[in-house]
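First up is the structure itself, then whatever we jot down about it.
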2 protein chains.
Amino acid sequence: MVSNQARQPDRADVPEVVVTRLPQYVRVLNRLLEEGIEVVSSQQLGAQLQVTPAQIRKDLSYFGRFGKQGRGYSVRHLHDRLRDILGLNSYWNVAVVGVGRLGRAILSYPGFTPDGFHLVAAFDTNEDVVGLQVGDLTVRSIDELEEVVSGQNISIAIVAVPVRFTQEVIDTLIDCGVRAILNYAPTSPQVHDGVRIRNIDPVIALQSMTYYLADSPEH
Amino acid sequence: MVSNQARQPDRADVPEVVVTRLPQYVRVLNRLLEEGIEVVSSQQLGAQLQVTPAQIRKDLSYFGRFGKQGRGYSVRHLHDRLRDILGLNSYWNVAVVGVGRLGRAILSYPGFTPDGFHLVAAFDTNEDVVGLQVGDLTVRSIDELEEVVSGQNISIAIVAVPVRFTQEVIDTLIDCGVRAILNYAPTSPQVHDGVRIRNIDPVIALQSMTYYLADSPEH
DNA sequence: GGATGTGAAGTATTTCACAGCC
DNA sequence: GGCTGTGAAATACTTCACATCC
């Protein structure tokens, strides 16, 4: 049956760890593209990311057969296919909730747009902030969330509000149909099945490393 | 032999996933402390973090027996013990390398200090930046790295330099004795065994979520 | 000859389930 | 009665190893 065709596996059949590695592969492939390299083996790709070649081949096999035996993978082809699989060839409208110091930094961070993420709306509760112009966006009241999120087909939100409001804000976002959340607040919000959340949490990251330093003499 | 005493397991015997969960437990325990709650069960703790009670008990069992059957865990005691295990009762001196827009945001982020991480030195290569005062630190030339890192017992570094310099900077840091790195550059640097690295990478985080949204009609 | 794709084998991690204790 | 601590069972994930194909 299916031969050289890419599979369209049920999303639930693919382990989530595999999905989290795909963007990394895309990033390396992108660099190889820029360097004009046309073919890459799982061996070479793995060396870039400290991942075994077998793992890369297995990961890719969830989605199809992209390589040529004896040769490797076409950088361009694999890159394009992985971007397709991840949905990175679409534009994604993103809302930012919380326009404090951190929210403003996020709004002016230039790294999201080249990857297809467009920050199209910013919200805050603070009346002093609502109405302000930040970059090319006007900060809106959180009361307008529902209208804007459905009106502009926003399915991703970045949350940068104080911890005590985070759960409430995320609940509201989910009610409004948001299905993916990037949370910058130092807390682990609860989300029901079917909603994805990733926490950006530098303090937690540091705290999980000190364990391995803890036998050092002095810091 | 060992009975109610906390074990001191070989660091290598504890799965790394377990270690990454401990700081989350600490954070919840900290909140419970503030709320004046004195005892907590693995059930309750798990509910806060969407983790099964069995997992929490198993995780803790790598380090000792902290609970009381029929009752649960003393919030204060478990909190203190976990902080000890993670080395969070020490002060940690941290260097920041790269004082561009992002580096400055990190240097002025108030969230590290309360958790025992002290940003004690900032480095950059750019001559226009070296010598500048940022917060209460003077930006130093990267040439002074070795001297300062060993002189001030710095074993943790935060890296926020452009991608093309990241690997080189990290190699230098490791040469100077740094053993834990928090990397904000959008790349996956290579580090040898015995060095810990965590990447803060919001774009990768977003890209691993779009996979699950990709069957939506329109974005 | 060299590299993929993949069942099978091997590890790692999570969950079960229950004896033991408060 | 309720909850911990933990071997054993179940599940998830990674690596092996090789048939297959370019």
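Every value quoted in this text rests on a predicted model; they were computed, and no experiment measured them. Just so it is clear: chains get the letters A, B, ... in the order the sequence lines come, proteins before strands, and each one is counted from 1.
- Distances shown here put every side-chain N or O of Ser42(B) at or beyond 4.0 Å from the OP1 or OP2 atom of dC3(D).
- Listed by first then second residue, pairs satisfying salt bridge (Lys or Arg N to Asp or Glu O under 4.0 Å) with a partner in residues 30-44 of chain B read Arg31(B)-Glu35(B), not counting sequence neighbours.
- One finds a side-chain N or O of Tyr73(B) lying less than 4.0 angstrom from the OP1 or OP2 phosphate oxygen of dG5(D).
- By the side chain to side chain contact (heavy atoms under 4.5 Å, CB included) test, Ser42(A) pairs with Pro53(A), Ile56(A), Arg57(A), Tyr73(A), sequence neighbours left out.
- Only at 4.0 angstrom or more do the heavy atoms of residues 19-33 of chain A sit from any atom of DNA chain C, so none qualifies.
- The residue among Gln55(A) and Arg71(A) whose nearest nucleotide of DNA chain D lies closer to the 5′ end is Gln55(A).
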Got a list of side-chain donor-acceptor pairs under 3.5 Å for residues 168-181 of chain A, not counting sequence neighbours?
from, atom 1, to, atom 2, distance (Å)
Asp171(A), OD1, Gln167(A), NE2, 3.0
Thr172(A), OG1, Glu168(A), O, 2.9
Arg179(A), NH1, Ile174(A), O, 3.4

Show me, pair by pair, the donor-acceptor contacts under 3.5 angstrom made by side chains of residues 97-107 of chain B, not counting sequence neighbours?
from, atom 1, to, atom 2, distance (Å)
Arg101(B), NH1, Ser108(A), OG, 3.4
Arg104(B), NH1, Val99(B), O, 3.3

Pair up each side-chain donor or acceptor in residues 185-192 of chain B with any protein partner under 3.5 Å, not counting sequence neighbours, and list the distances.
from, atom 1, to, atom 2, distance (Å)
Ser188(B), OG, Gln24(A), OE1, 3.0
Gln190(B), NE2, Ala47(A), O, 3.4

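- Ranked by how close their nearest DNA chain D nucleotide is to the 5' end, Ser41(B) and Asp59(A) are led by Ser41(B).
- The aromatic rings of Tyr211(B) and Phe63(A) sit perpendicular to each other, their planes meeting at more than 60°, with 30° as the lower class boundary.
- With sequence neighbours left out, the side-chain hydrogen bond (donor to acceptor under 3.5 Å, both in side chains) criterion links Asp115(B) to Gln207(A).
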Name every donor-acceptor pair, under 3.5 Å, that has one atom in a side chain of residues 194-205 of chain A and the other anywhere in the protein, sequence neighbours excluded.
from, atom 1, to, atom 2, distance (Å)
Arg196(A), NH1, Glu16(A), OE1, 2.7
Arg198(A), NE, Ser208(B), OG, 3.1
Arg198(A), NH1, Glu16(A), OE2, 3.2
Arg198(A), NH2, Glu16(A), OE2, 3.1
Arg198(A), NH2, Ser208(B), OG, 3.3
Asn199(A), OD1, Asn183(A), ND2, 2.9
Asp201(A), OD1, Ile204(A), N, 3.3
Asp201(A), OD1, Arg27(B), NH2, 3.1
Asp201(A), OD2, Arg27(B), NH1, 2.5
Asp201(A), OD2, Arg27(B), NH2, 3.4

Pairs under 3.5 Å (N/O, protein and nucleotides 16-18 of chain D):
from, atom 1, to, atom 2, distance (Å)
dA17(D), N6, Arg57(A), NH2, 3.1

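- Under 4.0 angstrom from either OP1 or OP2 of dT6(D) there lies at least one side-chain N or O belonging to Arg65(B).
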